[in-house]
Amino acid sequence: MDGNLNALTTVFTEFYYWVTVVFMFLIHVGFCMYEVGASRRRNHMHTLMKNVMVIPLVTVTFFFFGWWIYWAFPMFPFFGGLDHDMASANLPWSENMGTNLSDRITGVFWAAFLLFSWTAASIVSGSVIERIRSSALWVHAVLIGSVWWIIDAAWGWHYGGWMVQYLGYHDAYASGVIHAIAGGYALGVIMVLGPRIGKFAANGTPRDIPPHNPWMLTIGIFLIYTGFWGFYAACNVPAISPEVIDGQITGTTWTATNIYLAPTSLSGITFNFLMSLSGGLMAAYVVSKGDAFWTFSGGLAGIITASAGNDLYHPIQAMLIGAVGVVVVYKLHYWVERRFKLDDAVGAVAVHGYSGVLGLIIAGFVLWGAPSSPYEGYATINPVGQTIGAVIMFFVLGWLPGWAVAKMQAAAGVLRIPEEVELQGLDYAEHHAYEDAKTDIIEADKAHLASRATPAE
Amino acid sequence: MSTIGYENWAVDLAEVGAVYPFQGWEIPMTIAGVIFWLAWHRIQFVREGEHLEKARKMGDPDKIAKHLERY
């Protein structure tokens, strides 16, 4: 770090990303609470463990190969080879991937991306609760968290990605690169996995399986909102000079940028985050007639729908886009459920997947002609590029691998838990000794109390 | 001798790079890490399969009914 300004910028950026990581941890806490609240009592521990173990499994694999993929794949395989120059510093055996006093950024930048990986995996985890084998879900978690989403990030969420250069793909706060892909992946898995026992009546009518604890859902989703602030901040470069960007921007004014190094501001995204949250909550309240589950999730869906363009939108645009997204998502969720008999236990496919797709397409129209990058020769933002991008995210990198791997797991008989276990509950199966011990000690205490009681006169 | 390559901090930090122990062993460490990760999946996969097989025959109908009532 030569020069005080350079040193301060580096230390500030290091700390900035570190803080975003701490905030984003709350997303995972929120997802855990949400899933446990949505599951029935007999499945709590299994549901929680399934999501908690996503953390270490995605972390170590993101260290081993996920981070390298991001730097190696921006043009690979369709428009060039692997970018070894950029990627070599991010191999797991690189000196940059450890305590290194000449590199103070890689670790926190890696962690910011990693927390996105957890989110992608956790979105899938929610839709499959109460019937998937943990071993099967954890394979999916590694694949979505350390392979598929990071390939889409290299292509469409990187200043040199081919989707940005040739399609004008713009997805500032990850409507597509996190939410559409994870929603599509979850859809692929639940199509093979099948619904929970009792979800559909004999005549095919869907039954509601209400959460055992609506308060846990409420706190969970509020934690996700909170973590989403960190998510938004992590999508930005906090302070950078035009000289360092080395693109078309003239002058010497430093700026915050989005991931494409195109200018935005924390002020702007703060307006838009809150206005899209509000638009989503208001629309969801109306369309669901005040249903708590959908109102809270609608806030999230509102943000996700506006996220692709929230670096540039006007706050009122963000609000209206969030509102429109929620109405479409709500209707589509129930139509798909009835039509295809799919059981998405927490509405993840709708809230993340459909919102993400819709958000990308809307951004193509609202930001039509705006520069996708500060670099010369890139396509500008346009509806066709955004729609193709949405298809790549939801279907090609999301739905297809999720469906294919789930098919293989189902063929091998290692996807779904046995019917008997599903009925008696995963916690009963795994923690029957605890239940028996609890029953024994309660009975013993009652017997002791009865033996000491003085008979009434 | 020092495992991190420095025995004191009488250095110009501009000249200092990696400071973790056993530099030069990164590839063997990576291989060990990958084996640990894959072995974990294997152990968990086998245990879960055996456990679910036992669990499917474990249920006492009265207790299961009680569990269902608890929601």
Side-chain angles (χ1 to χ4, degrees), chain A residues 1-2 7 39-43 46 49 53 56-57 59-61 63-65 91-103 133-136 138-139 142 146 197-198 209-213 412-414 416-432 435-436 439, chain B residues 2-71:
Chain A
M1 290 195 293
D2 51 334
S39 68
R40 286 162 286 187
R41 280 193 174 82
R42 60 185 190 269
N43 296 314
H46 176 269
M49 187 64 82
M53 290 309 291
L57 292 168
T59 300
V60 299
T61 51
F63 186 90
F64 293 145
F65 47 79
L91 284 164
W93 50 82
S94 160
E95 286 194 352
N96 299 69
M97 297 292 282
T99 314
N100 186 323
L101 300 189
S102 64
D103 177 356
R133 288 182 187 229
S134 296
S135 49
W138 289 331
V139 170
V142 168
S146 292
I197 292 170
I209 302 181
H212 95 275
N213 187 335
V414 295
R416 187 164 178 142
I417 59 173
E419 188 181 315
E420 299 89 334
V421 178
E422 188 175 340
L423 272 175
Q424 69 193 14
L426 282 151
D427 288 356
Y428 179 79
E430 294 179 25
H431 302 291
H432 61 92
E435 293 292 339
D436 288 348
T439 306
Chain B
S2 164
T3 57
I4 69 166
Y6 296 93
E7 294 182 7
N8 59 64
W9 289 117
V11 294
D12 178 352
L13 291 180
E15 307 289 322
V16 178
V19 291
Y20 50 80
F22 307 115
Q23 291 155 42
W25 284 84
E26 289 86 353
I27 290 178
M29 285 193 287
T30 303
I31 293 168
V34 169
I35 290 170
F36 172 67
W37 161 54
L38 292 174
W40 186 92
H41 276 289
R42 175 71 187 154
I43 291 166
Q44 189 277 331
F45 179 88
V46 171
R47 281 189 186 165
E48 184 177 32
E50 290 170 355
H51 183 74
L52 287 173
E53 199 47 45
K54 279 185 202 158
R56 69 192 303 179
K57 298 161 192 156
M58 187 186 284
D60 172 341
D62 291 340
K63 285 184 180 175
I64 293 172
K66 219 165 96 182
H67 272 281
L68 295 178
E69 285 297 327
R70 283 179 70 203
Y71 195 69

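Scope of the values below: all heavy atoms of this structure, side chains included, with no hydrogens, waters or symmetry mates. Numbers restart at 1 for each chain; the letters A, B, ... are given by sequence-line order, proteins then strands.
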So which of [options] has the biggest tally of heavy-atom pairs under 4.5 Å with chain B?
| options | answer |
| --- | --- |
| A:Leu91, A:Asn100, A:Ile209 | A:Asn100 |
| A:Leu57, A:Val142, A:Val60 | A:Leu57 |
| A:Gly98, A:Pro210, A:Gly413, A:Ala136 | A:Pro210 |
| A:Val139, A:Thr61, A:Asn43 | A:Thr61 |

message: Under the rule for ring-ring contact (aromatic ring centres under 6.0 Å, His included), what residues qualify as partners of B:Trp37, not counting sequence neighbours?
response: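 Listed in chain order: A:Phe65, B:His41.
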- request: Let me know if B:Trp25 has heavy atoms under 4.5 Å from chain A in its side chain, its backbone, both or neither.
  value: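 Neither part.
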field: Within 6.0 angstrom of A:Met53 CE, more than 12 heavy atoms from elsewhere
entry: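 Yes, the 6.0 Å shell around CE holds more than 12 heavy atoms from other groups.
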- request: Find the distance between CZ (B:Arg56) and CD (A:Glu422) and round it off to the nearest 0.5 Å.
  value: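 Taking CZ in B:Arg56 and CD in A:Glu422, the distance rounds to 12.0 Å.
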query: Do the side chains of B:Phe45 and A:Arg133 get nearer than 4.5 Å, heavy atoms only?
result: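 Contact flag for A:Arg133/B:Phe45 side chains = no.
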Of the backbone (N, CA, C, O) and the side chain (C-beta and beyond), which part of [X] lies under 4.5 Å from a heavy atom of chain B, both, or neither?
| X | answer |
| --- | --- |
| A:Pro56 | neither |
| A:Pro418 | side chain |
| A:Ser94 | backbone |

If I compare all heavy atoms of [X] with all of [Y], which pair ends up nearest, and what's the gap?
| X | Y | result |
| --- | --- | --- |
| A:Ser102 | B:Gly17 | OG-CA, 3.8 Å |
| A:Gln424 | B:Ala55 | NE2-O, 2.7 Å |
| A:Trp93 | B:Ile27 | CG-CG1, 3.6 Å |

